[in-house]
Number of protein chains: 2
Amino acid sequence: MISVRINERLFIRNPEDTVLGKKILKHSVEFIYKVGFESFTFKKLAEEIGTTEAGIYRYFENKHKLLIYITSWYFGWLEYRIKTQTKNINDPTLKLKKIISLLTEPVEDDEQTSYIDESLLHPIIVSEGSKTYLTKQAEENHKQDFFLPYKELSTLIGNIILEYNPNYKYPKSLASTIIEIAHFQNFFMHNLPSLTDFSKNNQENEIIEFLNDLVFSSIKPK
Amino acid sequence: MISVRINERLFIRNPEDTVLGKKILKHSVEFIYKVGFESFTFKKLAEEIGTTEAGIYRYFENKHKLLIYITSWYFGWLEYRIKTQTKNINDPTLKLKKIISLLTEPVEDDEQTSYIDESLLHPIIVSEGSKTYLTKQAEENHKQDFFLPYKELSTLIGNIILEYNPNYKYPKSLASTIIEIAHFQNFFMHNLPSLTDFSKNNQENEIIEFLNDLVFSSIKPK
DNA sequence: CTTTCGTGATAGTAATACTATTATTTTGTT
DNA sequence: AACAAAATAATAGTATTACTATCACGAAAG
């Protein structure tokens, strides 16, 4: 049973420690997946769970921090998967390709974690992930390390890019670009397909090819 | 005096037709720039303008539609600028470079339009633009052509990419990628600089170089 | 000169985003 | 099995948000 370390300032009481806490995580993910973050409220969530609004407020200050919690969880879990799945790979080309696939492909529920359904988590991050930082509080939140898992993943990718080509000038920007584009093209493909070259359903492979082409064309030593 | 055609379903009464309507546009832009979209409410806006909440509701159904209005306005205006500034350019390389610059550079207030300050509009789009479509209603809104200006810009860019290299496989995806990355890297640079390779202030030129490198490496015929 | 239109003023409602307090149940410990 | 501590439920209350409805007034347009 793996567990992901989450910034303690994101919660009031650690939801992983209690029955209700885990229920909140599980049902938040399901509920946000279903109705979207805007329509998601603690009141409605409480009803779903069979607890009270006040009960949820004992775990999370507000729904925005809960979203950052979930997003952190996702990126921490993804980094863990990337590390285990690239441990025995030495070739940076293959490592990058593996990462691009892991970022893009639909996820299967990881049996090792009982209370979060990762197959729902991926579409949530695709649709809602960037809302965590696209706020006026971004800088302040960043200083409190709210986005650390994102940053660590980005750094990891950036370092592999440099392994591939130590002279590439924009490893960090390209790393964050890969993450964002994996998500955005996925969202577009499913919701605004005319903004992509991909057919509407489950053509994640085409996104992967697009990203591979984009990345390796750019970082190839000239 | 240029004006941008906006989807009529985005408003109840056309704000461009009246004094109060123009005031709403002008002060919305200023207010969203100042406090961010989440903290922006019609009540507070009404106080700023010296009108009432109900007064604003006569123009816009809700703040989300107002944001889509503003975003449409921005993309419509940008497309107009792109067209005038690339009219005499034949070389698709130069056209693409021009577009990347126009997408990325800080904007000066356009004296031709009196009631919207474009220099504030650009940072608003950077921070808030993607919130217009990252919702459960994206598909439905898309069908109502709420995102048409974005789509048209994307198509325009995609066509120039094909002009440059008719065999490039992902013109639409690369077009939407250029738009998104121009904005995201700008946001990161100003707010989460460790996710980029750019120094914190006003290094839009570096974003432009990054994007140029990314785009032309990818579309160069192999 | 009178009808329409734009705006202001006021009022009211349901939902959201919280905080506080007290009671009850579950659990972990001896 | 007894008891304390921790977790949860129940209830109540507030301020703000997101609206809708109605009426009155002044300006402009026919």
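In what follows, chains carry the letters A, B, and so on, assigned in the order in which the sequence lines appear, proteins first and then strands, with residues in each chain numbered from 1.
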Query raised in the report: Which residues satisfy the ring pair (Phe, Tyr, Trp, His ring centres under 6.0 Å) test with B/Phe37, sequence neighbours excluded?
Result: none
Please write out each protein N/O paired with an N/O of nucleotides 25-30 of chain D under 3.5 Å, distance rounded to 0.1 Å.
none

Query raised in the report: For the helix from C/dC1-D/dG30 to C/dT30-D/dA1, what is the angle between the axes at its two ends, each from 5 pairs, rounded to 10°?
Result: 30°
Query raised in the report: Who passes salt bridge (charged side-chain N to carboxylate O under 4.0 Å, His left out) against A/Glu47, sequence neighbours left out?
Result: none
Report task. Could you pull out the closest heavy-atom pair between A/Lys131 and A/Glu38, with the gap in Å? Result -> NZ-OE1, 3.1 Å
Report summary line: Under a 4.0 Å heavy-atom criterion, the protein footprint on nucleotides 5-24 of chain C, written with B, S and -, is -SBB-B-----SBBBB----
Query raised in the report: Just checking, B/Lys63 and B/Tyr69: is the charged tip under 6.0 Å from the six-membered ring centre and within 45° of the axis?
Result: no
Query raised in the report: Do the two ring centres, one from B/Phe188 and one from B/Phe198, sit under 6.0 Å apart?
Result: no
Query raised in the report: B/Ser199 and B/Glu206: side-chain donor and acceptor closer than 3.5 Å?
Result: yes
Query raised in the report: Expressed in angstrom and rounded to an integer, what is the separation of B/Glu47 atom CD from D/dA18 atom C1'?
Result: 15 Å
Anything under 3.5 Å between a donor and an acceptor, one on a side chain of residues 171-181 of chain A, the other on a protein residue two or more places apart or in another chain? List them.
unit_1	atom_1	unit_2	atom_2	d
A/Ser173	OG	B/Gln185	OE1	2.9
A/Ser173	OG	B/Asp197	N	3.2
A/Ser173	OG	B/Asp197	OD2	3.4
A/Ser176	OG	A/Lys172	O	3.3
A/Ser176	OG	A/Ser173	O	3.2
A/Ser176	OG	B/Gln185	NE2	3.1
A/Ser176	OG	B/Leu195	O	3.0
A/Thr177	OG1	A/Ser173	O	2.7
A/Thr177	OG1	B/Gln185	NE2	3.2
A/Glu180	OE1	A/Tyr133	OH	3.2
A/Glu180	OE2	A/Tyr133	OH	2.6
A/Glu180	OE2	A/Tyr150	OH	2.5

Report summary line: Whole-Å distance, A/Ile56 CD1 to D/dA9 C1', equals 12 Å
Report task. Consider only side-chain N and O atoms of B/Ser194 and A/His142, and report whether a donor and an acceptor are under 3.5 Å apart. Result -> yes
Query raised in the report: Which heavy-atom pair separates A/Gly76 from A/Pro149 by the least distance, and what is that distance?
Result: N-CB, 4.0 Å
Report task. Take atom CG of B/Leu66 and atom P of D/dT17, then tell me their distance rounded to the nearest Å. Result -> 16 Å
Requested in this report: Quickly, which of B/Ile157, B/Ile125, B/Leu211 forms a side chain to side chain contact (heavy atoms under 4.5 Å, CB included) with B/Leu103? Name it, please.
Outcome: B/Ile157
